[in-house]
Number of protein chains: 2
Amino acid sequence: MRGPRLQDVAERAGVSMKTVSNVVRNHPHVSAAMRERVQRAIDELGYRPNVVARRLATGRTGFVAVAFADVAIPYFAELAHVASRRARDFDYRVLLEETDDTIEGERALIASSEAGLVDGMLFQPSKMSPSEIAQHRSQIPIVLLGEMPAPLTMDHVMIDNVAAAREITTHLLDSGRRRIGFVGHETTSLSETSRQRILGYQEALTGAGVRADPRMLVATASIDAADTAAAVRQALSDGWDVDAVVCRDDLAAMGTLRALHERGIRVPEDVAVTGWDDTRLSAVTFPSLTSVSPDVDALFTRAMELLLERIAGYDGAGRHEIAPHRIAIRESAPSIPAP
Amino acid sequence: MRGPRLQDVAERAGVSMKTVSNVVRNHPHVSAAMRERVQRAIDELGYRPNVVARRLATGRTGFVAVAFADVAIPYFAELAHVASRRARDFDYRVLLEETDDTIEGERALIASSEAGLVDGMLFQPSKMSPSEIAQHRSQIPIVLLGEMPAPLTMDHVMIDNVAAAREITTHLLDSGRRRIGFVGHETTSLSETSRQRILGYQEALTGAGVRADPRMLVATASIDAADTAAAVRQALSDGWDVDAVVCRDDLAAMGTLRALHERGIRVPEDVAVTGWDDTRLSAVTFPSLTSVSPDVDALFTRAMELLLERIAGYDGAGRHEIAPHRIAIRESAPSIPAP
DNA sequence: ATGAAAGCGCTAACAG
DNA sequence: CTGTTAGCGCTTTCAT
């Protein structure tokens with residue numbers, strides 16, 4: 001059952017293990033003849049290098065963990081997809097970790113009782129406080145992703161949420177909307193993500209001379225389209241009167257679209273709606289969603305670069321970087337002024 | 001930088017490595033006093049067992065690969081989520097692998113030049129033929145998932161697609177629909193998945209005395225809601241006249257909903273629509289989607305059981321098993337007869 | 001350019 | 001119940 005080992009190949013080719021090892025790893029200083037001879041032995045035996053043994057010998061795992069709440073949330077699924085693909089460019093592979101969006105899950109992740117599984121970790125926390133994260137001095141380097149405030153000591157990559165919220169709200173203002181609502185933040189204990197987005201939303205309104213009214217905000221019981229639909233439904237019954245809605249994320253936008261459809265409110269004619277994350281979904285809703293589009297590729301790539309520097313030994317202060325974003329304009333909030 | 005080793009703990013506690021190892025792995029035959037003493041040394045040193053070394057020594061990786069086309073496809077994202085969670089019950093962890101839905105990707109996966117990374121693999125192919133899969137006698141046990149015909153020599157778990165398609169089509173017939181279309185299969189080279197679903201669809205129609213008309217089928221350029229919307233739009237322009245549509249998957253259903261909405265065709269009043277996979281999406285579209293709901297949990301669990309038997313040495317013929325499914329009834333195709 | 005031997009950190013016989 | 005020792009398969013000085 002067990003496959004051939006380096007030793008077996010060496011014997012067959014009549015050389016030492018070292019030479020075979022050199023061939024396997026494409027070491028430059030091997031004569032063509034030797035390489036040819038060894039390669040034949042490898043092929044004949046169907047030899048596969050044992051990664052685990054290699055890891056133990058080198059101390060390098062070739063894996064990075066990418067950790068977040070739940071891969072079934074569209075944004076994270078897309079992040080996971082990008083990460084798996086792009087990591088190859090760095091000669092790394094990705095090990096996905098889910099925290100189930102609980103503080104216990106996040107703590108277990110950070111405290112992980114196993115060593116040597118990954119060389120480093122990209123972690124998007126949603127529950128742990130920055131100070132708690134900073135205290136847990138983990139065995140491996142970590143780069144933080146997302147909107148949670150990050151400890152100064154750690155690297156962190158995110159998009160500028162306040163600016164993005166300002167831009168997408170301004171986009172609505174530019175198209176003539178004035179009664180602009182915000183939907184999708186938490187009913188209890190506002191998340192940092194929601195806080196930043198509401199902040200940018202408010203800045204845009206104020207900047208345009210529109211009064212930001214707390215009654216324009218609709219919180220939801222959970223980050224879930226169904227709950228959002230219920231909350232919006234209720235708000236409409238309560239006389240919530242808007243001509244545009246900035247949603248915290250694409251899922252909230254889907255829920256909002258749903259509630260508006262049910263009432264026969266037309267999007268975008270009566271109410272414009274915007275999403276956030278520009279997930280694949282946003283192109284296929286009816287109408288398709290104007291959405292904040294983070295450059296996930298750039299975000300991941302930069303985070304990976306920072307992580308590799310840490311892995312290589314960099315030990316300076318935390319770098320806090322901003323990844324680019326744009327506003328993807330679609331039907332739910334077009335650029336043309338409202339009729 | 002390197003953490004403490006088993007040896008370090010042993011010295012500190014004044015015992016042998018073996019004893020420490022026993023404590024770490026909760027070996028039953030250790031006296032409470034000894035355990036206590038060793039545990040203190042572990043805590044003081046902050047010792048973490050090195051998984052890689054353990055793997056090399058035991059030959060067991062504790063990982064299974066779960067491989068499919070693309071984790072950003074909702075069904076696969078949900079499968080990945082279930083797999084990550086449930087694998088823990090088997091003391092296993094999951095390594096996700098994407099094939100990018102290409103035959104090259106699938107071949108690279110099967111031929112993987114590395115050994116020792118995982119103990120086995122759950123693989124949902126979409127391109128490789130069963131005979132090619134069967135020939136590639138991989139180093140590790142593989143259990144196949146999904147609708148592709150599986151080689152007799154290999155284990156395979158799927159839901160009964162023909163039966164499910166029959167049931168959901170019958171559901172439409174029962175609610176009084178007669179002009180039932182099918183949307184979402186490939187324009188060129190029909191996939192096995194589509195083939196089975198169309199087969200069940202046809203069986204149900206024929207069984208109800210309704211003639212299955214090839215013109216009722218609308219193929220799409222790719223498994224993508226936008227392409228589906230375009231195809232349905234075109235079909236409607238060409239006079240496609242239906243009162244219900246069975247879609248190949250939830251994404252196709254979303255695209256179909258979109259095209260129908262654009263035409264002002266009401267769902268379900270004018271046309272009922274069904275999806276497939278019962279992804280989280282199906283609850284949040286407008287209207288929400290009646291959809292074939294595979295029991296992903298049971299599917300994964302059974303596949304995992306079969307895989308573990310193979311890993312443990314079982315070497316018999318392929319087991320071909322069926323996982324349960326049900327029809328999740330929602331607004332897009334309710335049970336009440338059409339008005 | 002190639003060979004010999006000493007680890008990498010842990011487990012598993014086998015003793016005691 | 002605990003200690004000793006020989007691997008697991010590969011990399012890596014250090015010679016040659």
Side-chain angles (χ1 to χ4, degrees), chain A residues 1-39 41-42 45-63 91 113-119 139-140, chain B residues 1-39 41-42 45-63 91 113-119 139-140:
Chain A
M1 188 64 212
R2 200 164 67 248
R5 298 158 307 157
L6 204 57
Q7 175 69 22
D8 301 325
V9 178
E11 283 170 12
R12 173 140 196 150
V15 297
S16 80
M17 286 172 61
K18 168 65 174 169
T19 304
V20 180
S21 176
N22 283 342
V23 172
V24 170
R25 288 179 300 149
N26 283 312
H27 191 75
H29 299 293
V30 205
S31 69
M34 185 89 277
R35 163 156 294 147
E36 152 80 14
R37 182 162 127 214
V38 172
Q39 188 58 53
I42 290 177
L45 261 39
Y47 168 76
R48 306 285 162 89
N50 181 317
V51 228
V52 174
R54 181 179 289 169
R55 284 187 195 179
L56 182 56
T58 59
R60 177 186 183 276
T61 70
F63 271 83
D91 281 323
S113 59
E114 301 170 322
L117 211 47
V118 296
D119 294 335
Q139 308 280 65
I140 52 166
Chain B
M1 188 63 213
R2 200 164 65 248
R5 296 158 308 156
L6 204 58
Q7 175 69 20
D8 301 326
V9 178
E11 282 170 12
R12 174 139 197 151
V15 297
S16 79
M17 286 172 62
K18 169 65 177 170
T19 304
V20 180
S21 176
N22 283 342
V23 172
V24 170
R25 288 180 298 153
N26 283 311
H27 192 74
H29 299 293
V30 205
S31 71
M34 185 91 279
R35 164 157 292 146
E36 152 80 13
R37 179 159 131 218
V38 172
Q39 188 59 52
I42 289 177
L45 260 39
Y47 169 76
R48 306 286 161 87
N50 182 317
V51 230
V52 175
R54 180 179 291 170
R55 285 186 195 180
L56 184 56
T58 59
R60 177 186 183 276
T61 70
F63 271 83
D91 281 323
S113 59
E114 301 170 322
L117 210 46
V118 294
D119 294 335
Q139 307 280 66
I140 52 166

Mind checking if [X] touches a base, just sugar-phosphate, or nothing, with heavy atoms under 4.0 Å?
{"X": "Met34(B)", "value": "sugar-phosphate"}
{"X": "Val15(B)", "value": "sugar-phosphate"}
{"X": "Arg55(B)", "value": "nothing"}

In whole angstrom, what separates [X]'s [atom1] from [N]'s [atom2]?
{"X": "Met17(A)", "N": "dC10(D)", "atom1": "CE", "atom2": "P", "answer": "7 Å"}
{"X": "Arg54(B)", "N": "dC8(C)", "atom1": "CZ", "atom2": "C1'", "answer": "16 Å"}
{"X": "Leu45(A)", "N": "dG9(D)", "atom1": "CG", "atom2": "P", "answer": "14 Å"}
{"X": "Leu6(B)", "N": "dC8(D)", "atom1": "CG", "atom2": "P", "answer": "19 Å"}
{"X": "Arg35(A)", "N": "dT2(C)", "atom1": "CZ", "atom2": "C1'", "answer": "14 Å"}
{"X": "Arg48(B)", "N": "dC10(C)", "atom1": "CZ", "atom2": "P", "answer": "13 Å"}

Hey, does Arg60(B) have a side-chain heavy atom less than 4.5 Å from the side chain of Asp119(B)?
yes
Does [X] put a side-chain nitrogen or oxygen below 4.0 Å from OP1 or OP2 of [N]?
{"X": "Thr19(B)", "N": "dG3(D)", "value": "yes"}
{"X": "Ser16(A)", "N": "dA4(C)", "value": "no"}
{"X": "Arg25(A)", "N": "dT11(D)", "value": "yes"}
{"X": "Ser31(A)", "N": "dT2(C)", "value": "yes"}

For residues Leu117(A) and Phe63(A), report the shortest heavy-atom separation together with the two atoms involved.
O-CB, 3.9 Å
Looking at Ala10(A) and Val20(A), what are the two nearest heavy atoms and their distance?
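Nearest pair, atom of Ala10(A) first, then Val20(A): CA-CG2, 3.6 Å.
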Let's go through Thr19(A) and Arg37(A) carefully: what are the C-alpha distance in whole Å and the side-chain angles of both, what is the deciding distance for side-chain contact (heavy atoms from CB on, under 4.5 Å) to 0.1 Å, and is it a yes or a no?
CA-CA 11 Å; Thr19(A) 304; Arg37(A) 182 162 127 214; over 6 Å; no
